[in-house]
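Below is one structure, written out as structure tokens; comments come after it.
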Amino acid sequence: QVQLVESGGGLVQAGGSLRLSCAASGRSFSSYAMGWFRQAPAKEREFVAGITWNSATTHYAYSVKGRFTISRDNAKNTVALQMNSLKPEDTAVYYCAADRGIGLSVIAGNYDYWGQGTQVTVSS
């Protein structure tokens with residue numbers, strides 16, 4: 001069992017930066033792939049970024065590539081999402097998720113554990 005708690009969301013102007021953090025409890029964190037998803041009002045939850053258990057592979061949604069960076073620290077049981085050059089369309093609730101499976105998935109249904117989410121609002 002893994003419990004995930006996100007932090008770091010807030011209100012920022014377009015062009016600004018935020019750093020989201022996800023703290024995980026549980027002994028198996030280092031074996032899980034981790035992902036960040038987001039959900040805007042009236043929209044489906046979408047993949048943002050993912051990282052394998054050993055940080056060897058990362059993957060980004062096209063809309064955030066070059067602006068967002070995912071990283072993890074297995075010693076501290078944390079995963080982070082550095083978000084730069086934010087745009088109003090990045091406004092959403094951001095969720096951290098853990099996947100017990102092999103590989104790196106972009107499908108929300110493949111993730112086994114979810115945090116409660118943190119709101120990110122980008123003003124124009």
Side-chain angles (χ1 to χ4, degrees):
Q1 189 80 4
V2 174
Q3 292 186 325
L4 304 171
V5 179
E6 302 96 335
S7 61
L11 174 64
V12 63
Q13 288 188 332
S17 298
L18 280 176
R19 184 176 178 85
L20 304 184
S21 184
C22 175
S25 63
R27 293 176 295 176
S28 301
F29 170 81
S30 60
S31 66
Y32 295 165
M34 298 298 296
W36 284 97
F37 289 75
R38 67 187 182 187
Q39 188 166 17
K43 291 190 176 181
E44 292 189 355
R45 192 168 298 190
E46 64 174 358
F47 173 83
V48 175
I51 187 167
T52 52
W53 68 274
N54 60 354
S55 302
T57 301
T58 58
H59 183 64
Y60 298 91
Y62 178 80
S63 59
V64 307
K65 199 167 186 177
R67 300 188 296 122
F68 291 10
T69 303
I70 188 172
S71 61
R72 68 187 296 164
D73 184 338
N74 287 343
K76 297 182 178 179
N77 278 15
T78 59
V79 61
L81 185 69
Q82 178 66 42
M83 305 186 296
N84 298 329
S85 302
L86 283 161
K87 304 175 181 179
E89 51 263 45
D90 294 319
T91 295
V93 177
Y94 282 71
Y95 297 91
C96 171
D99 179 5
R100 295 177 298 180
I102 297 173
L104 187 56
S105 176
V106 303
I107 300 173
N110 287 345
Y111 284 75
D112 302 288
Y113 304 104
W114 291 84
Q116 82 289 349
T118 186
Q119 176 70 46
V120 171
T121 303
V122 184
S123 63
S124 57

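Everything numeric in this text was worked out from a predicted model, so none of it was measured.
No continuous path of hydrophobic side-chain contacts links Ile107 to Ile102 [ILVMFWY only; heavy atoms under 4.5 Å]. Using a 4.5 Å cut-off between side-chain heavy atoms of Ile, Leu, Val, Met, Phe, Trp and Tyr, with links allowed through other members, Leu104 and Trp114 fall into the same hydrophobic cluster. Hydrophobic clustering, with ILVMFWY side chains joined whenever heavy atoms are under 4.5 angstrom apart, groups Ile70 together with Leu86. When the side chains of ILVMFWY residues are joined at heavy-atom separations under 4.5 Å, either directly or via intervening members, Phe37 and Val64 end up in two distinct hydrophobic clusters. Trp36 is connected to Val12 through a chain of hydrophobic side-chain contacts under 4.5 Å among Ile, Leu, Val, Met, Phe, Trp and Tyr, so both are in one cluster.
No side-chain heavy atom of Val122 sits less than 4.5 Å from a side-chain heavy atom of Glu89. A heavy-atom distance below 4.5 Å is not found between the side chains of Thr57 and Ile51. Residues Arg67 and Asp90 form a side-chain contact, since some pair of their non-hydrogen atoms from C-beta on lies under 4.5 Å apart. In this structure, Leu4 and Tyr95 have side chains that are not in contact, with every pair of non-hydrogen atoms separated by 4.5 Å or more. Counting only heavy atoms from C-beta outward, the side chains of Lys76 and Ser21 never approach each other to under 4.5 Å. Within the 4.5 Å cutoff, the side chain of Met83 has heavy atoms near those of the Leu20 side chain.
Other members of a hydrophobic cluster containing Leu11 are absent, since no ILVMFWY side chain comes under 4.5 Å of it, directly or through relayed contacts.
With Asn74 contributing its side chain and Trp53 its backbone, the two residues share a donor-acceptor pair below 3.5 Å. With Tyr111 contributing its side chain and Ser105 its backbone, the two residues share a donor-acceptor pair below 3.5 Å. Put simply, the side chain of Glu6 gets close to the backbone of Cys96: a donor and an acceptor are under 3.5 Å apart.
Gly8 and Leu18 make their closest contact through O-CD2, 3.8 Å (heavy atoms, listed as atom of the first residue, atom of the second, distance). For the pair Phe29 and Arg72, the tightest heavy-atom approach, listed with the atom from each and the gap, is O-NH2, 3.0 Å. Taking each heavy atom of Ala14 and Ser124 in turn, the nearest pair found is CB-CA, 4.4 Å. Tyr60 approaches Ala49 most closely through the heavy-atom pair CD2-CB, 3.6 Å. What you find for Ala33 and Gly103 is that their closest heavy atoms are CB-O, 3.5 Å. Minimum heavy-atom separation, Ala40 to Ala92: N-CB, 3.8 Å.
Going from atom OG of Ser31 over to atom CG of Asp99 covers 10.0 Å, rounded to the nearest 0.5 Å. Interatomic distance, Asp112 CG to Arg100 CZ, rounded to the nearest 0.5 Å: 4.0 Å. The SG atom of Cys22 sits 10.0 Å away from atom CG of Asn77, with the distance rounded to the nearest 0.5 Å.
Applying the 6.0 Å contact sphere to CD of Gln3 captures no more than 12 heavy atoms from other residues, nucleotides or ligands.
Between Tyr94 and Phe68, the angle of the ring planes lies from 30° to 60°, which puts this pair in the tilted group.
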